[in-house]
Amino acid sequence: MEEHYNPVDVEPKWQKYWNKNHTFKVKEDKSKEKYYLLEMFPYPSGKIHMGHVRNYTIGDVVVRYKKMQGFNVIHPMGWDAFGMPAENAAIDNNTHPAAWTYENISAMRYQLKKMGFSYDWDREIATCRPEYYKWEQWLFLKMLEKDMAYRKESYVNWCEKCQTVLANEQVESDKCWRCSENVQQKKLWQWFFKITDYAEDLLAHCNKLPGWPDKVMRMQKNWIGKSSGSEVKFKIDGSDSNNDQDSDKNITVFTTRPDTLFGSTFMCLAPEHPLVEKLSRGTSQEKQVDEFVNKVSTQERSAEGIENCEKEGVFIGAYCINPANNEKIPIYTANFALMEYGTGAVMSVPAHDQRDFEFAKKYDLNIRVVIMPEDESLDIDNMTCAYSGRGVLVNSGEFNGLENTQAIDDITAWLENQDRGKKTINFRLRDWGISRQRYWGTPIPVIHCPDCGIVPVPEKDLPVTLPEGVDLLAKGGSPLATLDSFVNVDCPKCKREDAKRDTDTMDTFVESSWYFLRYCSPRYENGMFDPETVDYWMPVDQYIGGIEHAVMHLLYSRYFMRVLNTFGMVKFKEPFTKLLTQGMVCKETLTCPEHGFVFPEESEIKSDGQVLCTKCNAPVEVGRVIKMSKSKKNVINPNDLLEKYGADVTRLFCLFAAPPERDLEWNDDGVEGCNRFINRVWRLVGKYQDFLSDVKPYSESASKLSKNAKALYIKANQTIKKVTDDIEDNFHFNTAISSVMELVNALYAMEAVERELDFLDDEMKQVITFCVENILILLSPIVPHFSEELWERCGRKSSIINHPWPEYHTDALQTDEVIIVVQVNGKLRSKFTTDINSDDEAIKNTALSDKNVLKYTSGKHIRKIIVIRKKQTLVNIVV
RNA sequence: GCCGAAGUGGUGGAAUUGGUAGACACGCUAGACUUAGGAUCUAGUACCGCGAGGUGUGGAGGUUCAAGUCCUCUCUUCGGUACCA
């Protein structure tokens with residue numbers, strides 16, 4: 001047998017074998033229990049990165065493990081193929097997004113195949129193919145018909161110089177990433193999905209997904225953000241009637257703190273609020289308001305940007321009336337008031353809200369305390385921050401003296417009586433804006449007719465395919481709008497000849513919200529999916545992907561299943577029964593003063609530890625450890641690992657380096673250790689190869705064995721239990737692997753004692769065969785090529801993946817002796833071994849007479865002796 | 001800012017129904033074998049201290065016979081933050 005494991009020969013051999021034997025092809029089989037394992041499909045950026053390798057290795061191990069347990073396992077793979085990078089690459093390299101994408105797909109498919117992953121490649125899909133997005137368009141039309149999709153005006157980032165819409169990612173500190181022009185906010189008509197219709201249901205089911213990590217549920221709950229509070233109407237000063245419902249005469253606010261209503265001394269409106277312009281017009285503040293609104297429109301629109309920028313506002317020249325005390329209070333417009341949340345208006349209570357407090361101090365506005373805590377007396381002159389805790393109402397008319405928690409209900413009821421307010425529920429969740437003014441996405445299948453308005457494209461005309469010959473840098477918004485042959489169309493309804501196609505495409509999160517259904521019947525031509533296959537395979541039993549998708553992608557997918565459920569197309573609401581969110585693969589960034597971010601291979605480490613850029617020899621700054629990403633160039637190319645060590649060592653390392661849910665900080669050392677372990681097993685098998693084929697593995701009771709054989713046999717059974725438990729318990733492969741390493745070490749240690757193989761008696765040979773066989777089986781999901789090869793070399797006939805997962809012998813888990821740990825006052829002072837059946841009294845006595853213990857106990861009064869028999873047996877003597 | 005995590009030797013990590021902190025590896029040190037070693041095998045390796053012993057799980061308090069694990073506060077880093085996917 002060769003001295004080393006040689007992946008170059010072995011890995012392709014077994015990949016061909018699995019391929020030839022259709023090992024991972026599956027179809028529906030009602031006689032078997034199904035198992036759907038899904039990994040988040042990749043965006044075809046060009047190269048598989050370490051995050052993918054990690055994600056897909058974890059999934060692959062589970063697939064092989066479940067298959068060995070007898071499940072009918074489906075394991076599909078595909079491509080999340082629409083998206084911005086293709087368009088950017090096309091602009092930068094003068095290619096077509098489709099050509100770029102398909103090239104990347106073949107390169108990445110080739111890499112995945114080299115990793116030996118167990119995909120049923122017959123089910124491969126790419127979302128940019130018309131056969132896929134046709135059905136997305138079909139669903140869009142169905143949602144449009146049921147009023148689940150609608151249009152409204154909303155803002156986008158706009159670069160005036162490039163005449164184009166920018167993604168948040170393309171805005172760098174309020175400037176365009178291409179030309180550094182100031183970004184503005186531009187109002188456009190855009191399509192939305194009414195996800196808010198399902199807010200309550202999505203929230204309720206957060207508590208019914210035991211297979212999901214708590215943290216993800218918590219994040220989703222907070223994202224949906226249900227809060228109960230009150231709507232309160234503030235009459236605009238100067239408008240005539242109290243009861244007038246006209247929105248011109250009232251400002252409606254949403255507040256969770258109606259108990260502080262008497263303390264509301266000013267009002268803040270979102271800069272986009274329609275009343276801002278209306279009320280400021282003709283006042284002396286008009287100019288300042290315009291300037292402020294313009295300024296805000298150049299500030300970043302992301303929540304992050306809004307919250308981090310300085311809180312500013314301007315008086316709009318109008319007042320409204322606080323309905324609690326009929327006080328006239330000024331109306332401001334402020335950059336922190338969000339049109340999307342609540343009603344776009346905030347009643348500001350500076351004494352009891354920190355943001356309002358700072359705002360009031362800045363603009364010298366009135367502050368009034370209305371909640372008095374029990375243990376101190378608030379005085380506005382001495383307050384340095386707002387008080388948001390509990391207390392008793394003051395300065396609140398008839399409500400003075402009431403507990404504020406009670407006042408929440410009482411004041412709301414009082415407002416309700418006067419028709420000035422009501423109890424209400426508000427969600428933070430907003431409807432899902434799906435319009436994108438981009439080329440490389442699913443075209444929105446509607447036609448705008450001057451007479452008929454919005455007309456859906458007839459089903460027979462689907463898909464609306466992406467046209468060729470579009471200028472991606474064309475000015476003015478959607479690239480599709482520049483192509484007359486695409487835009488100009490007859491109205492399907494009235495046949496008018498000057499109708500126009502919608503030129504927006506859909507958010508790529510739409511494709512990823514249902515791709516797992518398409519895998520069930522990927523070539524189905526009569527609908528999104530064949531219902532029978534979906535009935536069999538769905539829901540996904542185990543979903544695996546990055547924690548960065550904890551909210552959006554997963555929430556959108558849950559929403560889509562509810563839509564399909566409402567349409568009667570699927571029987572379930574939750575797409576993913578169990579979820580594993582793997583941590584990210586991270587690495588430090590390298591920045592060259594000349595060349596910006598540089599790849600690790602573009603830098604070199606000098607002996608003095610300095611890192612230099614290979615292009616210009618300038619010292620490179622070693623930055624923070626962050627998620628590996630192409631844009632930051634802090635990536636490791638898995639190809640290099642594959643070439644040097646092969647797929648199995650790469651896989652082993654990904655699993656051994658950290659538990660899956662934890663971030664993995666990349667470190668080049670460590671791979672070497674995995675390689676060493678693989679070869680250690682290789683040599684172990686080589687050593688015993690002469691009898692492994694002929695000797696049957698030991699299978700009888702442990703008690704019949706002699707001492708050394710018994711110890712080994714127990715270790716092997718413990719290893720089977722440990723590996724099985726570690727996989728079942730959240731896929732902790734790192735500890736599973738280390739327990740196999742321990743068994744391998746035990747075999748080496750035994751071999752060192754009984755140096756000559758001739759000394760091995762039949763009993764020992766049987767136990768060794770048992771150990772080796774199980775080492776290979778336990779490792780086979782992790783290092784499948786390697787295990788198959790050695791399995792074959794041990795004379796085993798059938799492929800190892802057809803071998804059932806091993807079971808341990810319960811009578812062979814425990815050794816006869818246990819170690820007793822003795823503490824004095826909680827500090828470890830001594831240890832001794834004793835028979836497992838010793839009683840507490842005997843253990844106490846041995847502990848007390850131990851000479852190491854006596855050092856600490858002699859001459860002292862023993863107050864208490866505690867004996868614990870759990871994982872460890874422990875005695876704690878309290879003196 | 002908000003929401004969610006993470007923090008343990010020189011390094012990755014192990015140990016959470018509270019019960020020996022550092023399993024298993026990497027790295028390092030020494031030895032063996034070898035023509036050779038970036039192969040392999042063996043031994044050692046948390047820190048301080050000559051030693052007895054003491055200290056130690058980001059930091060500060062607390063509960064307990066016993067705390068990495070539970071409680072309070074706090075610092076740092078990472079992810080998401082609705083047009084990156």
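Numbers restart at 1 for each chain; the letters A, B, ... are given by sequence-line order, proteins then strands.
- Phosphate proximity of B:G27 to A:Arg676: present, with a side-chain N or O under 4.0 Å from OP1 or OP2.
- The CG atom of A:Asp729 sits 13 Å away from the C1' atom of B:U17 (whole-angstrom rounding).
- Checking A:Phe656 against A:Asn308, the closest nucleotide of RNA chain B that is more toward the 5' end is the one next to A:Asn308.
- Residue A:Thr508 places its side chain closer to B:A85 than to any other of B:A85, B:A14, B:A25.
- Nucleotide B:U45 forms a pair with B:G27, judged by Watson-Crick or G-U wobble geometry with both contacts under 3.5 Å.
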_Apply side chain to side chain donor-acceptor pair (under 3.5 Å) to residues A:Asn157 and A:Gln170 and explain how you reach the verdict._
CA-CA 9 Å; A:Asn157 299 311; A:Gln170 297 172 314; over 6 Å; no
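- Across the strands present, B:U40 finds its partner in B:A32; the criterion is a Watson-Crick or G-U wobble pair with both atom distances under 3.5 angstrom.
- Using a 4.0 Å heavy-atom distance criterion, A:Leu429 is classed as a base contact.
- Between A:Pro42 and A:Arg430, the residue whose closest nucleotide on RNA chain B is further toward the 5' end is A:Arg430.
- Using modelled atom types and a 3.5 Å distance limit, the side chains of A:Arg428 and A:Asn222 yield no donor-acceptor pair.
- Side chain of A:Glu742, nearest nucleotide from B:A85, B:C3, B:C24: B:C24.
- Rounding to whole angstrom units, CD of residue A:Glu304 and C1' of B:C3 are separated by 12 Å.
- In this structure, CE in A:Met84 is found 5.0 Å from CZ in A:Arg438, a value given to the nearest 0.5 Å.
- Among the nucleotides B:G54, B:A14, B:C26, the one closest to any side-chain atom of A:Arg662 is B:A14.
- A:Arg829 comes within 4.0 angstrom of the backbone, heavy atoms only, and of no base.
- No N or O donor and acceptor, one from the side chain of A:Glu548 and one from the base of B:C78, sit under 3.5 Å apart.
- For the pair A:Asn734 and B:A14, the criterion of a side-chain N or O lying under 4.0 Å from OP1 or OP2 is met.
- Nucleotide B:U81 is matched to B:G1 when pairs are restricted to Watson-Crick or G-U wobble geometry with both distances under 3.5 angstrom.
- Side-chain atoms of A:Asn222 lie closest to B:G4 of the nucleotides B:G4, B:A85, B:A25.
- The separation of B:G13 from B:A46, taken at their C1' atoms, amounts to 14 Å, rounded to a whole angstrom.
- No engagement by A:Lys311 is indicated, since no non-hydrogen atom pair under 4.0 Å with the nucleic acid exists.
- Separation of the P atoms belonging to B:G31 and B:G19 is 42 Å when rounded to the nearest angstrom.
- One N or O donor and one acceptor, one from the side chain of A:Asn876 and one from the base of B:C65, sit under 3.5 Å apart.
- Nucleotide B:A21 is matched to nothing when pairs are restricted to Watson-Crick or G-U wobble geometry with both distances under 3.5 angstrom.
- One C1' atom belongs to B:C73, the other to B:A23, and the distance between them is 33 Å to the nearest Å.
- Aromatic ring centroids of A:Phe359 and A:Phe336 lie under 6.0 Å apart.
- Checking B:G53, B:G79, B:C84 against every side-chain atom of A:Met584, the shortest atom distance belongs to B:G79.
- A:Val165 comes within contact range of at least one nucleobase, with a heavy-atom separation under 4.0 Å.
- A donor-acceptor contact under 3.5 angstrom links the side-chain atoms of A:Gln437 to the base of B:C83.
- A:Trp223 comes within contact range of at least one nucleobase, with a heavy-atom separation under 4.0 Å.
- To the nearest whole angstrom, the two C1' atoms, one in B:C24 and one in B:U45, are 15 Å apart.
- Side chains of A:Gln582 and A:Glu661 form no contact here, defined as non-hydrogen atoms less than 4.5 Å apart.
- The C1' atoms of B:U17 and B:C70 are separated by 12 Å, rounded to the nearest whole Å.
- Of the listed nucleotides (B:A23, B:C83, B:U55), B:U55 has the atom at the smallest distance from the side chain of A:Lys827.
- From A:Ser738, atom OG reaches atom CZ of A:Phe656 across 6.0 Å, with rounding to the nearest 0.5 Å.
- In this structure B:G56 sits in no base pair that meets the Watson-Crick or G-U test at under 3.5 Å.
- The side chain of A:Met219 has B:G79 as its nearest neighbour among B:G79, B:C41, B:C84.
- Across B:C24, B:G27, B:G13, the shortest atom-to-atom separation from the side chain of A:Asn745 is found for B:C24.
- Nearest nucleotide to the side chain of A:Asp663, out of B:C41, B:G19, B:C78: B:C78.
- Using Watson-Crick or G-U wobble geometry with both donor-acceptor distances under 3.5 Å, B:G61 finds its partner in B:C71.
- When heavy atoms are screened at a 4.0 angstrom cut-off, A:Ala550 is found touching no nucleic acid atom at all.
- In this structure, A:His549 reaches the bases: a heavy-atom distance under 4.0 Å links it to at least one base atom across the strands shown.
- Phosphate proximity of B:A52 to A:Tyr856: absent, as no side-chain N or O sits under 4.0 Å from OP1 or OP2.
- Spacing of C1' atoms, B:G22 relative to B:U55, comes out at 15 Å, to the nearest Å.
- Residue A:Gln823 has its side chain nearest to B:G19 when only B:G19, B:C84, B:C24 are considered.
- Taking CZ of A:Phe509 as the reference point, atom CG of A:Leu555 lies at 10.5 Å (rounded to 0.5 Å).
- Glycosidic conformation at B:G9 (O4'-C1'-N9-C4 for purines, O4'-C1'-N1-C2 for pyrimidines): syn, within 90° of 0.
- The distance from the CE atom of A:Met506 to the OG atom of A:Ser435 is 9.5 Å, given to the nearest 0.5 Å.
- Listed pair A:Arg683 / B:C41 meets the phosphate criterion, a side-chain N or O lying under 4.0 Å from OP1 or OP2.
- Looking at A:Glu511 and A:Thr442, their side chains do bring a donor and an acceptor atom within 3.5 Å of each other.
- Remark: C1' of B:C84 and CG of A:Asn88 are 10 Å apart, rounded to the nearest angstrom.
- A:Gln190 comes within 4.0 angstrom of a nucleotide base, judged by non-hydrogen atoms across all strands.
- Backbone-only contact: A:Gly433 has heavy atoms under 4.0 Å from sugar-phosphate atoms and none from a base.
- No engagement by A:Ser739 is indicated, since no non-hydrogen atom pair under 4.0 Å with the nucleic acid exists.
- To the nearest whole angstrom, the two C1' atoms, one in B:G7 and one in B:U57, are 9 Å apart.
- A:Val216 comes within 4.0 angstrom of nothing in the nucleic acid, heavy atoms only.
- Pairing for B:A14 is absent, with no Watson-Crick or G-U wobble pair whose two atom distances lie under 3.5 Å.
- One finds no side-chain N or O of A:Lys215 lying less than 4.0 angstrom from the OP1 or OP2 phosphate oxygen of B:C3.
- Only the P atoms considered, B:G9 is 14 Å distant from B:G68, to the nearest whole Å.
- Within the 4.0 angstrom heavy-atom criterion, no nucleotide atom of any strand lies near A:Phe336.
- Taking the six-membered ring for Trp and the full ring otherwise, A:Phe560 and A:Trp514 have centroids separated by 6.0 Å or more.
- When the side-chain nitrogen and oxygen atoms of A:Arg680 are compared with OP1 and OP2 of B:C41, one or more of them lie within a distance under 4.0 Å.
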